[in-house]
J.: 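Questions regarding the structure given below will be posed in turn.
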Amino acid sequence: PPLFPLFLSLFVFPHGNLPIPIQIFVTIGFLNSVVIILSALVLHKIATIKDQRLNWPAVIFICVSLILLFKTSWSFGGRPETLVRLFFTIGLLISLNIKKSWLLAGMLGVLLGLTAATHVLAPFIFFAFIVLLFSLKFDFWKAIKHILLSLSGGFLTYFVVMQFSPYGI
């Protein structure tokens with residue numbers, strides 16, 4: 001899927017002061033930093049859910065989680081998993097903060113489509129997250145409606161992104 005190289009090409013300036021490989025590595029480093037910052041927000045939100053105060057075990061858990069996340073970001077390097085992690089983290093963050101269920105379903109659908117345009121297997125995991133989220137929130141038929149909205153938004157987003165790729169459809 002072409003989204004990761006297309007995304008990186010937005011930040012490459014052929015006549016810039018830095019060589020293109022360094023520009024790409026700086027972009028990937030910035031992307032990893034954004035993922036770690038958003039992950040810290042997600043973990044803080046989970047640790048303080050239902051107006052709980054942040055305690056030391058939670059702080060230690062958050063710090064260890066962020067260190068592990070930082071450590072794994074080294075192994076992905078220039079692979080599309082870097083962008084997929086951003087989409088997953090944004091999905092977690094919006095699922096914890098957005099209360100309007102139809103808006104949440106639409107936004108998760110867009111992220112699902114972006115994930116499908118980035119990686120081959122990741123959309124299946126993201127879709128499983130969507131199914132689990134809505135099946136825990138709603139009764140069967142309402143969950144099905146939200147899941148179908150996310151799925152159709154995902155397909156639409158995927159097809160739009162593919163139109164901008166050199167491969168087309």
J.: Give me the atom names and distance for the closest heavy-atom approach of T157 to G153.
T.: OG1-O, 2.8 Å

J.: Return the CZ to CG distance between F138 and L133, rounded to the nearest 0.5 Å.
T.: 8.0 Å

J.: Assess whether atom CG of D139 is packed by more than 12 heavy atoms of other residues, nucleotides or ligands within 6.0 Å.
T.: yes

J.: Taking all non-hydrogen atoms of both residues into account, name the closest pair between V84 and A122 and its distance.
T.: CG1-CB, 3.6 Å

J.: Return the minimal non-hydrogen interatomic distance between I62 and A47, and the atom names on each side.
T.: CD1-CB, 4.0 Å

J.: Is there a side-chain contact (heavy atoms from CB on, under 4.5 Å) between I90 and I94 once you walk through the steps?
T.: CA-CA 6 Å; I90 291 172; I94 67 171; 4.3 Å; yes

J.: Which heavy atom of S65 sits nearest a heavy atom of L43, and at what distance?
T.: CB-CD1, 3.6 Å

J.: Closest heavy-atom contact between L104 and S95?
T.: CD1-CA, 3.6 Å

J.: Please name all residues satisfying side-chain hydrogen bond (donor to acceptor under 3.5 Å, both in side chains) with S101, sequence neighbours left out, ordered by chain then number.
T.: H146

J.: Which heavy atom of P123 sits nearest to which heavy atom of A116, and what is that distance?
T.: CG-CA, 3.5 Å

J.: Taking A105's backbone N and O only, do any of them form a donor-acceptor pair with S150's side chain (distance below 3.5 Å, no angle check)?
T.: yes

J.: Determine, step by step, whether T115 and F88 satisfy the side-chain contact (heavy atoms from CB on, under 4.5 Å) criterion, reporting the C-alpha distance in whole Å, the side-chain angles of both residues, the deciding distance to 0.1 Å, and the verdict.
T.: CA-CA 8 Å; T115 303; F88 272 71; 4.1 Å; yes

J.: Applying the side chain to side chain contact (heavy atoms under 4.5 Å, CB included) test to F134, which of I130, L132, V131 qualifies?
T.: I130

J.: Under the ring-ring contact (aromatic ring centres under 6.0 Å, His included) rule, what pairs show up with a residue in residues 28-63, not counting sequence neighbours?
T.: none

J.: Give me the one residue out of L38, I37, I36 that meets side chain to side chain contact (heavy atoms under 4.5 Å, CB included) with V34.
T.: L38

J.: Measure the acute angle between the ring planes of F126 and F129, then classify it against the limits of 30° and 60° as parallel, tilted or perpendicular.
T.: perpendicular

J.: Decide yes or no on side-chain contact (heavy atoms from CB on, under 4.5 Å) for M162 and Y158, but give the supporting numbers first.
T.: CA-CA 6 Å; M162 290 303 287; Y158 173 77; 3.6 Å; yes

J.: Test side-chain contact (heavy atoms from CB on, under 4.5 Å) on N32 and R85; report intermediate values, then the result.
T.: CA-CA 9 Å; N32 282 324; R85 285 184 338 169; 2.6 Å; yes

